[in-house]
> 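The structure is given below, and queries will be raised subsequently.
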Amino acid sequence: MFKVVLTDYEFETLEFEQRVLDESGLKINFVSAQCKSEDEVIEVAKDADAIINQYAPLSERVLRSLTKCKVISRYGVGVDTIDLNIAKELGIKVCNVPDYGIEEVSNHTLALLMAWTRKVIELNNAVKNGIWNFNVGKPIYRFENRTFAIFGFGRIPRRVIEKIQPLGLTLIGYDPFVSAEEMAKYGVRKVELDEAIKLGDILSFHVPLVEQTMHLLNKERLTQLKDGVFIINTARGPIIETEALIQGLKSKKIAGAALDVIEHEPIEAGHELLTFDNVYLTPHSAFYSEEAIEELRTKATKNVVDVLAGQQPTYVVV
């Protein structure tokens with residue numbers, strides 16, 4: 001009998017997880033919890049053979065408390081809730097689901113881009129407040145002669161590029177792990193980080209959250225930005241330093257921002273970002289569609305089943 005622990009989740013039922021476990025043919029004791037702290041995870045998962053994880057912390061302390069764990073599978077692409085170095089040391093496989101939300105996140109990025117560039121929200125709010133005047137949306141520019149800088153060049157940003165190519169933007173990209181030749185296949189010119197920061201009229205972030213990308217956009221780089229730059233973040237909140245963003249908005253260096261993620265989620269009531277009309281905020285929802293959720297949960301659970309059955313899982317991080 002294998003013990004599989006789900007540390008935390010946001011779903012109304014666990015039908016997709018249960019279906020995969022039932023169809024595996026393995027004898028499994030499936031335990032679901034809503035852990036918020038390390039102590040809560042340790043209490044429920046210390047004797048688990050496998051863990052499925054959403055947001056609960058799987059730190060070094062937690063991982064070293066696990067006596068039998070063979071695999072951790074995370075709902076999502078990022079694995080920043082898990083201490084990967086310690087997992088590797090302990091021989092615990094860490095899996096994710098890197099391909100479940102490609103269409104959703106790229107569509108969300110495109111939606112934020114189009115809403116901002118055509119000032120859809122501002123104009124809508126003005127009309128509903130009795131103001132029928134296109135000047136509310138000024139300034140609006142054509143895409144021609146505007147530069148779109150994309151940070152990261154994995155599955156999602158490549159799909160973003162495919163969708164915006166017909167718009168006429170100049171496309172540049174930063175990713176130290178992708179060649180200039182590969183980017184050129186998508187019509188993107190590879191540049192270094194500082195060059196992308198300096199040249200972009202629109203900056204779109206799609207990098208994972210690791211030590212090197214923490215506060216990738218910070219107060220020091222704020223001075224390098226073009227005046228009137230627009231920023232999109234559908235990746236991870238801490239990639240952008242909140243204080244630097246607010247400083248840039250106040251100084252008008254940053255004309256606006258569209259954020260699906262912020263440094264500390266959920267956003268607190270009274271947070272300063274809520275006071276800016278030129279900041280669009282969505283609640284970490286870019287990944288969502290009904291189809292994507294089913295795919296995510298099914299694949300995350302299948303990772304666990306594969307390892308417990310002695311097979312190689314499809315998606316292995318370490």
Side-chain angles (χ1 to χ4, degrees), residues 108-129 131-151 160 164 167-174 191-207 213-265 267-283:
H108 202 85
T109 302
L110 181 61
L112 294 174
L113 171 66
M114 298 303 292
W116 165 258
T117 53
R118 295 304 306 171
K119 304 296 175 65
V120 171
I121 294 177
E122 290 90 337
L123 292 167
N124 169 75
N125 291 343
V127 171
K128 288 184 175 179
N129 285 313
I131 303 171
W132 187 271
N133 189 340
F134 77 90
N135 288 297
V136 170
K138 285 186 174 181
I140 291 177
Y141 300 100
R142 291 180 176 178
F143 283 126
E144 289 83 354
N145 301 317
R146 308 286 281 178
T147 298
F148 184 91
I150 199 157
F151 295 79
V160 170
I164 69 171
L167 300 179
L169 289 154
T170 298
L171 305 173
I172 60 174
Y174 164 74
V191 297
E192 295 303 317
L193 176 58
D194 286 344
E195 192 175 1
I197 293 285
K198 292 175 182 176
L199 295 181
D201 296 291
I202 300 162
L203 311 183
S204 190
F205 291 91
H206 303 274
V207 296
T213 61
M214 173 72 75
H215 289 176
L216 194 66
L217 181 60
N218 53 31
K219 289 180 180 178
E220 291 180 6
R221 293 197 173 104
L222 185 65
T223 60
Q224 301 175 29
L225 295 173
K226 278 187 175 181
D227 291 337
V229 69
F230 174 58
I231 293 170
I232 303 171
N233 189 5
T234 55
R236 285 291 185 269
I239 292 167
I240 298 175
E241 183 183 8
T242 302
E243 290 184 11
L245 177 62
I246 291 172
Q247 181 180 323
L249 289 163
K250 286 181 174 179
S251 70
K252 310 295 185 185
K253 187 77 169 176
I254 299 173
L259 311 172
D260 185 56
V261 289
I262 59 170
E263 273 201 84
H264 303 290
E265 299 176 4
I267 196 166
E268 298 175 356
H271 194 291
E272 194 165 3
L273 283 175
L274 297 172
T275 66
F276 293 95
D277 291 335
N278 55 341
V279 173
Y280 300 172
L281 295 162
T282 54

> Should L245 and V279 count as side-chain neighbours, where that means a heavy-atom distance under 4.5 Å?
no
> Of all the heavy-atom pairs spanning L249 and F276, show the shortest one and how long it is.
CB-CE2, 3.7 Å
> Please report the C-alpha distance between I254 and L222 in whole Å, then the side-chain angles of each, then the deciding distance to 0.1 Å, and finally whether the side chain to side chain contact (heavy atoms under 4.5 Å, CB included) criterion is met.
CA-CA 9 Å; I254 299 173; L222 185 65; 3.9 Å; yes
> Does anything in residues 218-228 pair up under side-chain hydrogen bond (donor to acceptor under 3.5 Å, both in side chains), and if so which pairs, sequence neighbours excluded?
D201-K226, K219-E243, D227-K253
> Suppose we screen for salt bridge (charged side-chain N to carboxylate O under 4.0 Å, His left out). Which residues come up paired with E272, at least two apart in sequence or across chains?
K250
> What is the minimum heavy-atom distance between F151 and L216, and which atoms define it?
CD2-CD2, 4.3 Å
> Atom CD1 of I131 and atom CG of L123: how far apart are they, to the nearest 0.5 Å?
10.5 Å
> Kindly compute the distance separating CD1 (I164) from CG (L110), expressed to the nearest 0.5 Å.
8.0 Å
> My understanding is that only residues two or more places apart in sequence, or in another chain, count here; which of them pass salt bridge (charged side-chain N to carboxylate O under 4.0 Å, His left out) with E268?
none
> How would you list all residue pairs meeting side-chain hydrogen bond (donor to acceptor under 3.5 Å, both in side chains) that involve residues 111-126, not counting sequence neighbours?
E122-Y280
> Could you list the residues that satisfy side-chain contact (heavy atoms from CB on, under 4.5 Å) with D260, not counting sequence neighbours?
H108, T234, T282, H284, S285, A286
> Tell me, please, which residues at least two apart from N133 pass side-chain hydrogen bond (donor to acceptor under 3.5 Å, both in side chains).
N135
> Would you please test L217 and I239 for side chain to side chain contact (heavy atoms under 4.5 Å, CB included) and show each step?
CA-CA 7 Å; L217 181 60; I239 292 167; 5.9 Å; no
> Locate the shortest heavy-atom distance separating V207 from A235; write the atom from each residue and the value.
O-CB, 3.5 Å
> Filter on ring pair (Phe, Tyr, Trp, His ring centres under 6.0 Å), then keep only pairs touching residues 232-265, sequence neighbours left out; what's left?
none
> Taking N233 for the side chain and R236 for the main chain, is one N or O donor matched with an acceptor at less than 3.5 Å?
yes
> Of all the heavy-atom pairs spanning A149 and G200, show the shortest one and how long it is.
CB-CA, 4.0 Å
> Nearest 0.5 Å, please: how far is CD1 in I202 from CZ in F143?
5.5 Å
> For the atom pair CG (L203) and CD1 (I172), what is the distance rounded to the nearest 0.5 Å?
8.0 Å
> So, using ring-ring contact (aromatic ring centres under 6.0 Å, His included) as the criterion, who are the partners of F148 when residues are at least two apart?
none
> For a side chain to side chain contact (heavy atoms under 4.5 Å, CB included) check, start with the C-alpha distance between W132 and V127, then their side-chain angles and the critical distance, and finish with the verdict.
CA-CA 5 Å; W132 187 271; V127 171; 4.0 Å; yes
> Can you name the side-chain contact (heavy atoms from CB on, under 4.5 Å) partners of I267, sequence neighbours left out?
I262, H271, L273, L274, L281
> How would you list, by chain and number, every residue that makes a side-chain hydrogen bond (donor to acceptor under 3.5 Å, both in side chains) with K198, sequence neighbours excluded?
none
> Residues two or more places apart in sequence or in another chain: which of them pass side-chain hydrogen bond (donor to acceptor under 3.5 Å, both in side chains) with T170?
none
> Working to the nearest 0.5 angstrom, can you tell me the gap between T109 OG1 and H206 NE2?
4.5 Å
> Ignoring hydrogens, what is the shortest heavy-atom contact between L112 and A258? Give both atom names and the distance.
CB-CB, 3.8 Å
> With sequence neighbours excluded, tell me which residues meet side-chain contact (heavy atoms from CB on, under 4.5 Å) with F134.
K138
> With rounding to the nearest 0.5 angstrom, report the CD to CE distance, E241 to M214.
10.5 Å
> If you take all heavy atoms of F230 and G256, which pair is closest and at what distance?
CD1-O, 3.2 Å
